[in-house]
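Down below is the structure, laid out as structure tokens.
Chain letters run A, B, ... following the sequence lines, proteins first and then strands; every chain starts at 1.
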Amino acid sequence: MGRPSVSQPRRSSELLPGTLDLLVLRVLRQDTLHGYAIAQRLREISKDVLQVGESSLYPALQRLLLDGYVRAEWGASENNRRARFYTLTAAGRKQLVAEQDEFERMVGAIQAVLRLA
Amino acid sequence: MSVARPIMRLARRLAYWLRFARRQDELREELDFHRAMVAAEPGSRGGDGPVIRRVMGNETAVREEAHEVWVAAGVDALFKDCRQAWRALRRTPVFTAVAVITLAIGIGANTAIFSVVHHLLLAPLPFEDGNRIVRLGTQSASAPEEPFNLPAPILVRFQQRSRTLEDFAAARSFPATLGDTANHDAVPGMRITASLLHTLRVMPIAGRGFTREDTTVGAPAVAMISYGLWRSRFGGAREIPGSAIKINGVQRTIVGVMPRDFTVPMSDQDAPQVWLPLELRDEEGAAGYARLLPGATTDAAKRELQSIIAERPDPRWSKSITASVARAVDRVDRRLKRAVVIMFTAVSGLLLIACANIANLLFMRGWTRQRELAIRRALGGGRFRVARLLLIESLMLAILGGTLGLVIAWKGLGTILTIAPGTNSMVGGPELAGAGISRGVLAWTTVTTIVTGLLFGVGPAFFSTAEATVEALRTGIRGVVGSTAARRLRSGIVVTQIALSFAFFVAAALLVKSFVALARFDVGFNAHGLAIATIKPTNRPEDQDRASLERAVTKAMESAPGVTGAAFGGPILMTDIRGGPFVVDGFRGSETIDLDMCEMPFVSRDYFRVMGIPLIRGRSFETEDDLVINQKLAQRFWPKGNALGARLRVGNGPKAKWMTIVGIAGNVTMRGVVELFTMQMYRPTSAANGFVDLVSFRANRGSESLGLEIERSLGNAGVPAKLVSIRGVESVLDSRILARPRFALALFGVFASIALLLTAVGLYAIVAYSVTQRTREIGVRVALGADSTAIARMIIGDGLRHVVAGIALGLVIAFATTRLLTSFLYDSNASDPRAFVGAALLLGIVTLVASSIPCPARSESRRWTRCVRTSARPKATRRSTHVRASQPTRRRAALGRAVRLARPIARRSRALRAPRRPHGAPCRRRRQLDNQAA
């Protein structure tokens with residue numbers, strides 16, 4: 001399904017379009033996390049470069065829910081509050097592999113252009 | 001995957017919308033949690049200060065954006081698709097118009113008939129607590145479906161003692177004449193007891209209902225009028241109560257107006273226009289109405305009524321007459337129900353044909369749009385997405401057609417209701433009044449429209465998008481659209497269409513045959529110029545004066561200009577004379593014979609001459625002990641032909657006396673009116689209990705409009721009698737016997753014609769479609785020397801195969817469905833082979849013509865070969881009248897070109913003239929496998 005998604009995240013201008021979905025999927029690959037934890041994890045790993053606000057995170061999560069790539073369940077957070085935890089589904093896992101390959105191909109291509117042109 | 005994913009997405013979307021509120025709450029809670037976590041971060045100042053707002057953004061906006069994920073994609077794309085579809089339809093106005101009109105006819109007919117079904121079979125009675133209302137009457141074993149009236153004394157006794165029913169009332173219909181005799185209107189009228197409106201829980205819309213005082217002797221003459229009469233005759237004026245109206249010669253004061261469409265349930269008559277008060281004091285019968293007490297059943301009420309009837313058996317009654325208590329909810333008799341079911345089956349079949357047609361058109365449309373569809377897919381439209389666009393086009397067509405169909409139904413229903421014949425008709429009667437486009441009907445039409453759209457849209461959308469690939473766009477080769485499955489589907493559609501049309505034709509043919517037989521049917525008397533007058537003596541004549549009064553009336557009437565003969569008595573359709581038990585002298589020891597369906601009218605001596613009923617043997621009456629019977633009755637009891645001179649006694653009462661048979665008259669049969677009455681026993685008027693008020697007369701000009709002349713001539717002769725009404729026998733016969741079959745025939749004729757037209761178009765479409773698809777193949781064949789006859793044979797053969805398959809299937813459908821018609825056919829068998837053969841022939845011819853239109857003409861050979869070269873489709877495929885012999889040189893050149901061009905295709909097309917693979921040589925697939933192996 002190579003066609004572009006209809007509603008792209010509008011406010012993540014610092015990210016390549018569609019990349020946030022990929023990053024969220026990747027973060028969820030090992031763990032079941034709630035929304036805040038996903039944002040935290042992204043920030044920590046990127047050493048504070050990627051500061052994902054809820055305005056782009058939650059629409060992205062809804063999109064992944066709609067596509068059936070993640071599943072959401074309510075559970076208790078580390079400080080014992082009710083929080084919604086996201087888990088990757090089998091389809092999401094497959095999508096992650098596909099998107100990651102695509103992304104790497106893309107980055108490789110861009111780098112090639114930047115290096116050689 | 002490609003199909004499952006969008007469906008899963010759709011399902012998830014639906015799930016979201018179904019739990020919209022909960023999902024919103026969840027999102028809010030989730031965001032609250034997020035916000036709380038951010039606030040608790042070290043470095044944040046806590047609370048909801050400006051820092052948080054910066055980090056968090058506007059919470060509502062976030063929620064909306066998250067929500068839009070579930071909305072925007074779907075709704076927005078749908079809206080865009082709708083615009084696209086609308087533009088696509090606008091680009092092909094002819095196609096759109098044809099499809100919309102076809103659908104509108106189908107859906108319109110369906111809606112119109114459904115509104116009848118809804119009104120008759122589904123909608124509740126228009127009376128408060130209506131399922132408690134019952135009709136009381138009698139029924140005869142030989143005609144259990146036809147309820148008769150109940151004698152008033154029985155009704156009164158029942159009312160006094162019933163423990164199952166309450167709120168008794170009665171009604172009796174009568175023919176009413178409005179205005180003066182010279183300028184009168186004959187309308188149905190009904191006498192009702194004061195309690196009837198209360199029993200039915202109905203209130204007059206203006207004025208008041210009848211009261212007990214209205215029915216007392218000497219009370220002022222009053223009447224109520226129908227809503228229709230109020231509007232048409234009095235312009236719907238509010239102050240109508242108090243106005244005068246002359247009904248059957250009596251000046252009456254209007255006291256009230258009935259509600260719109262008000263009819264008494266299960267009445268045997270058309271909707272009454274005038275209502276008079278009824279008091280149950282005479283011997284005459286009436287239909288009883290009552291309400292079941294809570295917990296009471298109709299069976300219990302029936303047993304009660306039966307015991308009351310059995311208490312004091314009426315000697316004039318046949319034993320086979322029993323009590324009848326029927327709930328008004330079951331008002332629709334079986335016959336009408338069956339007729340409605342037939343009609344509904346027919347219109348559904350029609351709609352199916354329309355669907356099949358549009359599906360075929362859409363297949364063609366999909367083919368002509370291959371390029372467009374391929375571009376859409378090349379630009380990134382998934383197959384599902386493009387198919388969805390096509391499906392939306394279909395739905396849009398359906399909605400347009402459905403809307404127009406609703407208008408057609410609305411207009412058409414009015415027409416059907418006005419031309420539908422009256423009581424006991426195939427479709428029609430008082431039960432029909434009030435059928436309309438209600439909310440239930442609208443819902444039905446909406447569902448039908450959408451289902452129709454999907455029905456004809458899914459197949460073409462699915463298959464048209466299958467081959468519209470980027471590959472196809474690049475090579476410019478239009479593959480044979482769709483797989484074998486698509487081709488089979490299209491053929492299946494056409495075959496079904498032909499089969500359904502065939503069933504329609506058989507039905508129409510059977511109805512035509514039945515109608516012709518009925519129109520030619522000999523009723524047994526000469527109806528031409530015959531009319532029946534109702535005469536009322538000014539004073540009740542003494543028995544000894546009756547004969548002279550009769551003579552005076554007959555003489556006066558015969559002296560009226562134009563009248564050629566007059567006699568007392570009237571044929572059964574005008575009277576309501578029921579049979580009774582009689583004793584035939586010497587027949588099985590003179591046992592009492594119950595022939596409740598033997599007509600026993602009182603007639604005068606000249607009746608046979610005036611009516612034109614032949615006296616086969618013997619003579620007419622001389623004395624009051626003389627009797628004339630018809631042949632049927634004579635054969636029944638005197639099979640040896642010795643009826644003349646035999647003796648017969650009617651009834652067991654003290655007044656019953658032996659009468660001698662002096663004549664045998666021809667049979668009078670009125671098929672479709674009173675089929676049960678085939679035996680007649682004519683008694684002289686002098687043997688009657690009272691004055692016989694019916695006079696049959698024949699005139700050499702418009703007998704129905706002779707009212708003034710007859711009245712004047714009665715007056716001139718000083719006869720103490722008044723003319724009450726005149727009814728023409730011809731028109732009554734026509735409306736009673738022929739109206740129903742004519743109506744059925746007209747409807748089925750229209751249906752069959754539409755079906756034929758649609759089927760012809762459908763078959764043309766599929767053949768033309770296959771011709772355009774096989775352009776290359778045909779071009780190659782032509783180039784290789786196939787002549788146009790061979791090509792035509794091939795193409796028509798294609799059409800013919802569909803026709804044969806369709807007729808074969810149609811035979812099955814027709815055999816199964818025309819059985820339903822059996823009870824509506826007169827003198828013809830539902831599986832009459834002539835109807836089947838005729839239908840097959842007609843259909844065969846029409847469809848063959850339709851499939852021969854797209855055949856290429858001989859002179860077009862070159863064009864076909866050119867088509868191969870340019871891979872264009874031939875523009876027009878009409879058969880040219882100008883046939884030119886193709887020149888050998890041209891032909892050879894064309895052949896060379898075509899062979900060069902056709903090489904890649906030649907491999908694919910079957911049955912070319914290329915040499916066949918030598919026996920034993922490996923086939924292509926084999927060779928490929930060998931190569932791979934190597």
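In this view, A:Y58 and B:H34 satisfy the side chain to side chain donor-acceptor pair (under 3.5 Å) rule, not counting sequence neighbours.
Pairs engaging residues 70-97 of chain A under the ring pair (Phe, Tyr, Trp, His ring centres under 6.0 Å) rule: A:H34-A:F85 [sequence neighbours left out].
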Set out, in order, the CA-CA distance, both residues' side-chain angles and the distance that settles salt bridge (charged side-chain N to carboxylate O under 4.0 Å, His left out) for B:D32 and B:R35, then state yes or no. CA-CA 5 Å; B:D32 281 348; B:R35 176 181 264 230; 5.4 Å; no

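For A:L65, the parts sitting under 4.5 Å from any heavy atom of chain B are the backbone and the side chain alike. Heavy-atom distances place the side chain of A:A39, and not its backbone, under 4.5 Å from chain B.
Between the side chains of A:Y36 and B:E30, no donor N or O sits under 3.5 Å from an acceptor N or O.
Options A:P59, A:G68, A:S77 differ in how many heavy-atom pairs under 4.5 Å they form with chain B, and the most are formed by A:P59.
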